[in-house]
Amino acid sequence: MFENLKPVAIDPILGLMIAFKADNRLEKIDLGVGVYQDDRGRTPVMASVKEAEARLMEVETTKSYQGMAGDPDYNHRMLELLFGDEHSILQSGRIKSIQAPGGSGALKVGAEVIRRARPESKLWIGVPTWPNHVPLLGGTGFEIKHYPYYDLESHRIDSDRMIEALKQVPAGDLVLLHGCCHNPTGADLTHDQWDLIADLALERGFIPFIDTAYQGLGDGIDEDAYGMRMMADRLPEVIVASSCSKNFGLYRERTGSITFITKTPQQADIVVSQAMSTARSIYSMPPAHGALLVSMVLGDPDLNHQWRSELEEVRLRIKAMRGLLCDSLAGNPAGMDFGHIKHQKGMFSFLGITSSQLERLREEFGIYIVSSTRINLAGVNSTNIDHLTQSLLKVLQ
Ligand SMILES: Cc1ncc(COP(=O)(O)O)c(C=O)c1O
């Protein structure tokens, strides 16, 4: 049965995590793993989430099956969080969402439903992107096309080339966009760029497939939703995969949702029935725990307020680390400009150093960074910033 199987090469980020764990140096720093860390290097359970968990223990009376769409209250509250509770799309009947196992599960269900609706559609993915986009979405059988997104030299969005490429996308194809806090580059679309892509989507007839995994970690909860909310206003069809892994710190609870905006309310009902049948054919029903916590946090005014201020703290800490690292590297012996790190959004940016410099950081200084040079700014803290900048200044000599 299994004799023809070959072992799958270990994921480079997991490989890096293993090497980091095995490293005995006290001053070692992990900038590879993609989770938030506080100033003490911990990935804590948010206090608002912990409180919701305590309350849930009291009020939960059953663990019985919940159904393919998950918790209706969660679905409703997530739509309000994503689009803002005043958004006209919420009253239109043209929007429906179901709970999904994390952002990854949401992307998968979204992709499967698109394949059922229009198997000939191609999926356009920006370069670079979150490495799992291609296996996760390509695994559904899509023909994947790429469009340029980021210029590694200038550390800016490669706007002209991106727009030129999107002008070639045929009607009925999907264009994957990062809602905010682009992973891995940290370079987010400006409002003008979002508007221009919406113009093109209307003109060409392609459909935005927005992956939003970091709402609230960039400029703020509402600010980070600009593109998605504007597109919901202007376009007949939009698909949004969202994740509560980062902004609620619910990583292992696998909490996300997939949202479809359709041309008519009737289509929304049909699409959501297809999404539920897709879920049934993969994992049947989403895990309940994380979604119950999110719906409790969003639904209780005190918990909601507490969560928003905790998330703001996360956002401001990352922003502060961006500024600190950039300023500490000013005047480096290689004359490199790290200004992009200060201005980009969310947890990630490219450092842009060479692979031999990257290797020296790991071998000589115990600083672990993935080969693309993507760093997680949340891995920087007041204890390790000196070791990090001193080591970087040495390898840049
Ligand atoms: C861009 C992007 N999309 C989706 C996800 C998936 O999130 P989840 O852990 O909720 O599946 C991630 C996780 O890192 C991500 O960076």
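Each ligand, and each atom within it, is numbered from 1 in the order the structure gives.
- Numbered from 1 in the order shown, with element, the atoms of ligand 1 that lie under 4.0 Å from a heavy atom of Ser245 read 8 (P), 9 (O), 10 (O).
- Residue Gly103 has at least one N or O atom closer than 3.5 Å to an N or O atom of ligand 1.
- Partner of His182 under the ring-ring contact (aromatic ring centres under 6.0 Å, His included) criterion, chosen from Phe350, Tyr149, Trp130, Tyr150: Tyr149.
- Shown in contact with Ser243 at under 4.0 Å from a heavy atom are these atoms of ligand 1, numbered in order with element: 7 (O), 8 (P), 10 (O).
- Residues Ile197 and Ile163 form a side-chain contact, since some pair of their non-hydrogen atoms from C-beta on lies under 4.5 Å apart.
- The protein heavy-atom contact nearest to atom 5 (C) of ligand 1 is Trp130 CH2, 3.4 Å.
- Residue Gly102 approaches ligand 1 through these ligand atoms, each under 4.0 Å from one of its heavy atoms: 10 (O), 11 (O).
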Review point. Taking it one step at a time, do Thr43 and Gln37 satisfy side-chain hydrogen bond (donor to acceptor under 3.5 Å, both in side chains)?
Key: CA-CA 5 Å; Thr43 302; Gln37 291 160 54; 5.3 Å; no
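- A salt bridge is absent between Arg308 and Glu312: the closest approach of a Lys/Arg side-chain nitrogen to an acidic carboxylate oxygen does not fall below 4.0 angstrom.
- Looking at heavy atoms from C-beta onward, Ile125 lies in side-chain contact with Val134 at the 4.5 angstrom threshold.
- The Arg254 neighbourhood of ligand 1 comprises atoms 8 (P), 9 (O), 10 (O), 11 (O), with distances under 4.0 Å to a heavy atom of that residue.
- Under 4.0 Å is where a charged nitrogen must lie from a carboxylate oxygen, and between Arg25 and Asp23 at least one such pair does.
- Residue Ser104 touches ligand 1 through backbone and side chain together, judged by heavy-atom distances below 4.0 Å.
- At least one side-chain heavy atom of Phe209 sits under 4.5 Å from a side-chain heavy atom of Ile114.
- Not a single heavy atom of His182 sits less than 4.0 Å from an atom of ligand 1.
- Residue-to-ligand polar distances place Tyr214 within reach of ligand 1: an N/O pair is separated by less than 3.5 Å.
- What sits closest to atom 1 (C) of ligand 1 on the protein, heavy atoms only, is Asp211 OD2, 3.4 Å.
- Taking every heavy atom of Lys246 and a limit of under 4.0 angstrom, the matching atoms of ligand 1 come to 13 (C), 14 (O).
- Counted by atom type alone, Ser349 and Arg322 present one or more donor-acceptor pairs between their side chains at under 3.5 Å.
- The proximity of Tyr251 to ligand 1, defined as any non-hydrogen pair under 4.0 Å, does not occur for either the backbone or the side chain.
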